[in-house]
Amino acid sequence: MTINEVDGPLTGRLAWFDRHPASVAAARSFTRDVLAEQPREESETVQLLVSELVTNAVRHGAGPILLSVTVRSTSLRCEVTDAHPAFPCLKAAGADDESGRGMRLLHELSHRCGVRPAHRGKTVWFEVRAPGPAEASVPASSPRSAASPMRGGPAAPLKCWSAIA
């Protein structure tokens, strides 16, 4: 799909996954394929965040999982939809806890993130900034500054999410 939007051409792909642990790796692979032409750092960050959201949908969701990956000239957006209506909450994970860090990672690594009710269930989404032309030409091995597009201003602090676009 290609649509001309305000921030440039939009391309995206959708995929359905079973609510099964093997779907996490399949979703990561799907995302890697969609982002094949994006810089490695941004692609790896998006893959990590998709893994976290799909893991949450497998562990705490209901029904099949829909993953949408959208690439625009200024941003990369992913949405994970499942049939469970409960919104995720940020947890304070202890040093020895085996889980509870995914939503914190989402909040820290994305430019914007949120959750909204879906027809059945909910959609958790995030955006990361796509690199501009100058940033895209920086080799993957070059260090990026603290003002990299991946660190550009975190979303508002979260506790339990309310419906936000």
Side-chain angles (χ1 to χ4, degrees), residues 1 10-72 75-131 140 148-165:
M1 135 177 99
L10 168 80
T11 59
R13 288 179 47 197
L14 305 170
W16 287 95
F17 299 94
D18 292 329
R19 211 174 121 247
H20 185 276
S23 293
V24 177
R28 196 170 40 248
S29 178
F30 170 80
T31 303
R32 184 174 37 255
D33 291 347
V34 173
L35 300 178
E37 296 183 20
Q38 297 300 313
R40 190 173 123 211
E41 181 181 348
E42 282 74 13
S43 178
E44 289 176 352
T45 299
V46 171
Q47 290 173 58
L48 170 66
L49 296 178
V50 163
S51 292
E52 294 295 335
L53 293 186
V54 173
T55 296
N56 283 351
V58 166
R59 294 177 111 191
H60 309 291
I65 299 164
L66 175 63
L67 170 61
S68 167
V69 180
T70 305
V71 179
R72 295 182 178 156
S75 66
L76 308 171
R77 182 179 177 110
C78 295
E79 299 184 351
V80 174
T81 302
D82 73 79
H84 197 288
F87 286 13
C89 290
L90 272 176
K91 292 181 180 181
D96 295 330
D97 291 346
E98 293 183 14
S99 64
R101 293 173 183 80
M103 294 293 98
R104 176 73 55 203
L105 282 171
L106 178 70
H107 180 67
E108 294 297 324
L109 296 178
S110 67
H111 171 63
R112 294 180 351 136
C113 60
V115 63
R116 67 175 184 274
H119 175 66
R120 293 178 194 237
K122 68 183 165 302
T123 299
V124 182
W125 61 270
F126 68 88
E127 291 181 0
V128 298
R129 290 184 175 146
S148 117
M150 296 305 301
R151 302 279 183 220
L158 306 173
K159 289 196 174 115
C160 283
W161 279 322
S162 58
I164 50 179

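Annotation: the span from R112 atom CZ to E127 atom CD amounts to 4.5 Å, rounded to 0.5 Å. Within the model, atoms CH2 of W125 and SG of C113 stand 6.5 Å from one another, a figure rounded to the nearest 0.5 Å. One distance of note links CZ of R129 with CD of E42; it measures 12.0 Å at 0.5 Å rounding. With values rounded to the nearest 0.5 angstrom, L49 atom CG is found 12.5 Å from H107 atom NE2.
T45 places a side-chain N or O within 3.5 Å of a backbone atom of E41 that can act as its donor or acceptor partner. The main-chain N or O of V58 is found under 3.5 Å from a side-chain atom of R19 such that the two form a donor-acceptor pair.
Applying the side-chain hydrogen bond (donor to acceptor under 3.5 Å, both in side chains) test to R120 and every residue at least two apart in sequence or in another chain returns nothing. A search for side-chain hydrogen bond (donor to acceptor under 3.5 Å, both in side chains) contacts involving R28 returns S51, not counting sequence neighbours. Scored by the side-chain hydrogen bond (donor to acceptor under 3.5 Å, both in side chains) test, Q38 finds no partners at all (sequence neighbours excluded). Residues that satisfy the side chain to side chain contact (heavy atoms under 4.5 Å, CB included) test with A118, not counting sequence neighbours, are T81, T123. With sequence neighbours excluded, no residue forms a side-chain hydrogen bond (donor to acceptor under 3.5 Å, both in side chains) with S23. Judged as a side chain to side chain contact (heavy atoms under 4.5 Å, CB included), and not counting sequence neighbours, the contacts of A62 are A83, H84.
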Candidate pair N56 and V124, rule side-chain contact (heavy atoms from CB on, under 4.5 Å), full reasoning: CA-CA 10 Å; N56 283 351; V124 182; over 6 Å; no
Worked check of side-chain contact (heavy atoms from CB on, under 4.5 Å) between F126 and V46: CA-CA 9 Å; F126 68 88; V46 171; 4.0 Å; yes
Pair V71-L35, side-chain contact (heavy atoms from CB on, under 4.5 Å): steps then yes or no: CA-CA 8 Å; V71 179; L35 300 178; 3.6 Å; yes
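In this model, a donor atom of one side chain and an acceptor atom of the other lie less than 3.5 Å apart for Q47 and S43.
Taking every heavy atom of both residues into account, I65 and A57 meet most closely at CD1-CB, 3.6 Å.
Each of V54, L48, V50 was compared with E52 under the side chain to side chain contact (heavy atoms under 4.5 Å, CB included) criterion, and only L48 meets it. Each of T31, L53, L14, V34 was scored for a side chain to side chain contact (heavy atoms under 4.5 Å, CB included) with L67, with one residue passing: T31. For the side chain to side chain contact (heavy atoms under 4.5 Å, CB included) with V115, the lone residue among E79, K122, M103 that qualifies is K122.
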